[in-house]
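One structure is given below, encoded as structure tokens.
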Amino acid sequence: MHLLLVDGSGYIFRAFHALPPLNRKSDGLPVGCVQGFCNMLFKLTQDMDIDEPPTHVAVIFDHSAKTFRDEIYSDYKAHRPSAPEELVPQFPLTRHATRAFSIASIEMEGWEADDIMATYACQAKSRGWKVTIASSDKDLMQLVEMDGSIRLLDTIPRPGQPPLRWIGPDEVFTKFGVTPDKVIDVQALCGDSVDNVPGVPGIGVKTAAELINQYGDLETLLARAEEIKQPARRQKLVDNAELARISKQLVTLEQAVPLEIDLDGLARQPMAPSALFPFLKAMEFATITKRLAGLLDANPDDFEPDPDLKAGGNKDMGAPKKSADLSVAKAKLAANVVPGTGPARFAASEHARVKAVPIDYDAYRTVTTAEDLSAIVSRIYARGHVAIDTETTGLDPQQADIVGICLSTEIGEGFYIPVGHAKAGDLLAGGGLLEGQLPIRDVLDALKPVLEDPSILKIGQNSKYDMEVFERYGIAMAPIDDTMLMSYALDGPQYNGLDVLAKHWLDHKTITFGELAGTGKGQKTFDQLEIAPAARYAAEDADVTMRLWHVLKPRLAAENATALYETLERPLAPVLARMEARGITVDRQILNRLSGDFAQRAAALEAEAYELAGQSFNLGSPKQLGEILFDKMGLEGGTKTKTGAWSTGADVLEDLALKGVPLARTIVDWRQLTKLMGTYTDALPTYINPRTGRVHTSYSQASVLTGRLSSNEPNLQNIPVRTGDGRKIRTAFVAAPGKILISADYSQIELRLLAHIADIGALKDAFEEGLDIHAMTASEMFNVPVKDMPSEVRRRAKAINFGIIYGISAFGLSNQLGIARGEAGDYIKTYFERFPGIKDYMDAQRARVKIDGHVTTIFGRKIQFPNANSGNPSERSFVERASINAPIQGSAADIIRRAMIRMEPELKRLGVEADMLLQVHDELIFEAPEGTEETAMSAIKTVMEGASEPAVRLTVPIQVDAHAAKNWDEAH
DNA sequence: GCAAGGACGTA
DNA sequence: GTACGTCCTTGCA
């Protein structure tokens, strides 16, 4: 018995590049590959009949792009460009051709052709059959058998070469330098840039073959990697063992695909003129038709061209009528090969559907009558959801007033309801409102029931803003969906604003606010705009938001981001909205006094600096300072920044001060004081809201790579704490009269998560026993008892612990500790020896990010690193360190998010009256009635400590420390 | 008027 | 060595 397997997909791709293009005469349909394919099938059966006629034949095709390999490696074949346009219509035609030749055409969802062929070949061999695989794909070379029972046959015609070329063990050896059974081990090491199999960076085929021949196989090699003499090669293998193992999985063909048609089903059938000629005639292949007619002793004229496939035929599948229709037909064919199933397919088709409807500004309506408004409300009830966007007088949701509201219930639609556009005229004149606007109260009364209706979904882009604005007008908008948060859950912070999302997903450039209202000093606020242009802008926002919702929502299910979005993103937005609305009291008097004090001391330092420098200059200018220190005074040891300017950072100045340069110390002190003034004591009072008398920060939920929040205007996540002067600023953050501030912070949460994620027994035990973790680390590393440990020893261990979390490098650690690179390297080595799991964790993350392009937190948040395989080594190292840090920082961020989401209902359930005001990454600040702090702190701690449950049961204890006081400094 | 770079505050 | 936001100066438009 002899089984012939034809690599159909492989043939098409290779033939496309090897063969001259050919178009069907009557309509220009590209058919070069189809013709080559028919010739190949014909030739194969002919030539093989002379030699060893196959008794069983099948052509195997790839079904879709998505296979199990994508599960272990999402970038697998990511570099493969999508099929050229001319190729797309030829895919289905080669299936037709196969059937026309009465040959089994096999493809299976979720499997590559290679796996199916491997399975058939394996089964045939076990029956003692001979196997020929018509392919020259190097990935199939692993199937070649030494005894010649399985061989490849290259069938692509090449000038100057025989038409059929056999690939047996010798040819495989020429290609890979090893016997066929070791091909996968070589491929695991050298990788494959075409299929984007990583391999071990810096190892090519030759080195790989040498290593495998020496050690026998990959696992032996990796196990004995330390024995390799060449240091660079040894290091590469040690560092990238995990990548190599994953690469091997990727290149190893599956030999146990659950076949739908067994071997016997592939028994060769005689060619049937009634199948063959209608196809060949539809393709207009005259030569091969003639030759087959002779062979089969049939008259092609007895057959009509296949009506579905012929030029001008009546099905999409075959030939479109005119070349003008070609692109449409191709698009339809391409749509048929959309990867994946179910949710992914739906997401792709929704995306296509939304994009197909062009943005039409003429379709937008401005609402000026109560009747129209009530019709829209009915429309929203009928729909069940509505995209909504408020236009206001500013960007601060705690100050801005509503100028207009825009609604969209379906893509392409946009209703703008102007309510606050002002008449032109100077501010003093107070010109009143423009005509043609409904009274704001009437509009809000009409909308309030819909906006608060729990059965109507309100879709927004950054809904938190609109929630806060509406709250001030007595409307509690709920429930919400948010396109910004969906995008964040799916793709991270890379596409943030509505404009970027619209460009990326809808290929539409939205009107910018600058285009509408001008930029810079002359920029108008929304209420100063004419209604008509404002309506276009506003309606577009609502329409685009609705479109994005249709594009992004299905992607959540398709890309396994629903849980992340529903549990960590969507419910947090209203919580943050309430925190922002509450604000915190900042004592203006305290800041004033501090400002005066700091200013006086800064002025003294300034005078001192001029004295020491022998001239006056701008102390705030690093440029001038660098020139004075290193050019004028000629101090040694200066370094330049990447732009060629002198480096004058605090570490440099600190160094100089120690070397006896008093000016350096003066500058350091001056910088600290002016920093405190400029950023805090002078700036904070300007953020006090006149309406509430409190400071309302704004949290960004969707701008940090790792899942943390960020805080701005003002940033209340970087209020000083490390220096005495800095801490004085914290004393200005006070509880309202009759209230008390509570600060609750996670103790060492990132180190605890490292212990959990990397599964480090020694660390976990230390946390379990409540030990001083840095002292314990020092004791392990330096063999000194914890008791009476010198503080310097503990300090070093602490720096190393933090270094680990940050993706340690000898360079960084040596800088941090002010020690030599070599010494820092020795510390790291010792650390890895004492806690071997840490190195495994780091290697695993490094490998993961190169393979998948992302790493994940314990709650499944994906953190993307598009540059993971950058050609720039320093960029690559940066990604490696970030990918080590991100799961730790991100998991901690997810945990505190869960705590925040649960906090309010839980406190309410327990009857605890405490308001959550601020979040500072691992700390939550509350304001509670004086006297209730003990019960409040206990409830808060319970929620925070249990926040990972039940989704994740941590294997380390989580500890929260809480304190209460009248100001933040004392509470912390 | 705006963007980039440097510096520095936090976890 | 990770993750941010803000202030100030500088250089260019």
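Throughout, protein chains are lettered first and strands after them, A, B, ... in sequence-line order, and every chain is numbered starting at 1. Side-chain atoms are counted along with the backbone in the values below, which use heavy atoms only and exclude waters and symmetry mates.
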Could you run down the sub-3.5 Å N/O contacts of the protein with nucleotides 11-13 of chain C?
none

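A sub-4.0 Å separation between OP1 or OP2 of C/dC4 and a side-chain N or O of A/Ser711 is absent. Between C/dT10 and A/Gln624, a contact under 4.0 Å exists linking OP1 or OP2 to a side-chain N or O. Regarding contacts with the backbone of C/dT10, a side-chain N or O of A/Ser621 is found under 4.0 angstrom from either OP1 or OP2. Between A/Arg671 and C/dC8 there is no side-chain polar atom (N or O) within less than 4.0 angstrom of OP1 or OP2. Between A/Thr648 and B/dG6 there is no side-chain N or O to OP1 or OP2 distance below 4.0 Å. Using a 4.0 Å cut-off, no side-chain N or O of A/Asn712 falls inside it from OP1 or OP2 of C/dC4. The phosphate of C/dG5 (OP1 or OP2) has a side-chain N or O of A/Ser710 nearer than 4.0 angstrom. In this structure, A/Arg722 does not reach the B/dG9 phosphate: none of its side-chain N or O atoms is under 4.0 Å from OP1 or OP2. Applying the 4.0 Å criterion to OP1 and OP2 of B/dG5, one finds that A/Thr643 has every side-chain N and O outside that range.
Side-chain contact, A/Asp682 with A/Ser595: a donor N or O sits under 3.5 Å from an acceptor N or O. A/Thr706 and A/Gln889 form a side-chain donor-acceptor contact under 3.5 Å, judged by distance and modelled atom types alone. Neither side chain, A/Asp491 nor A/Gln494, offers a donor N or O lying under 3.5 Å from an acceptor on the other.
Across the protein-nucleic acid pair, A/Asn718 atom CG and B/dA7 atom P stand 18 Å apart, rounded to whole Å.
The base of C/dA3 has none of its N or O atoms less than 3.5 Å from a complementary donor or acceptor on the side chain of A/Arg881. Side-chain N/O atoms of A/Gln889 and base N/O atoms of C/dT2 include a donor-acceptor pair closer than 3.5 Å.
A/Trp646 carries A/Lys640 over the face of its six-membered ring, with the cationic atom under 6.0 Å from the centre and within 45° of the normal.
Ion pairing of A/Asp725 with A/Arg601 is present here, as a side-chain N (NZ or NE/NH1/NH2) and a carboxylate O approach within less than 4.0 Å. With respect to the salt-bridge test (charged N to carboxylate O, under 4.0 angstrom), the residues A/Glu242 and A/Arg848 do not qualify. Between A/Asp843 and A/Lys839 a salt bridge is recorded (basic side-chain N to carboxylate O distance below 4.0 Å).
The aromatic ring centroids of A/Tyr827 and A/Tyr831 lie 6.0 Å or more from each other.
Closest approach of A/Leu501 and A/Asn496 over heavy atoms only: CD1-O, 3.5 Å.
Non-hydrogen atoms lying under 4.0 Å from DNA chain B are contributed by nothing in residues 856-868 of chain A. A heavy atom lying under 4.0 Å from DNA chain C marks the following residues of residues 809-821 of chain A, by number: A/Ser809, A/Phe811, A/Gly812, A/Leu813, A/Gln816.
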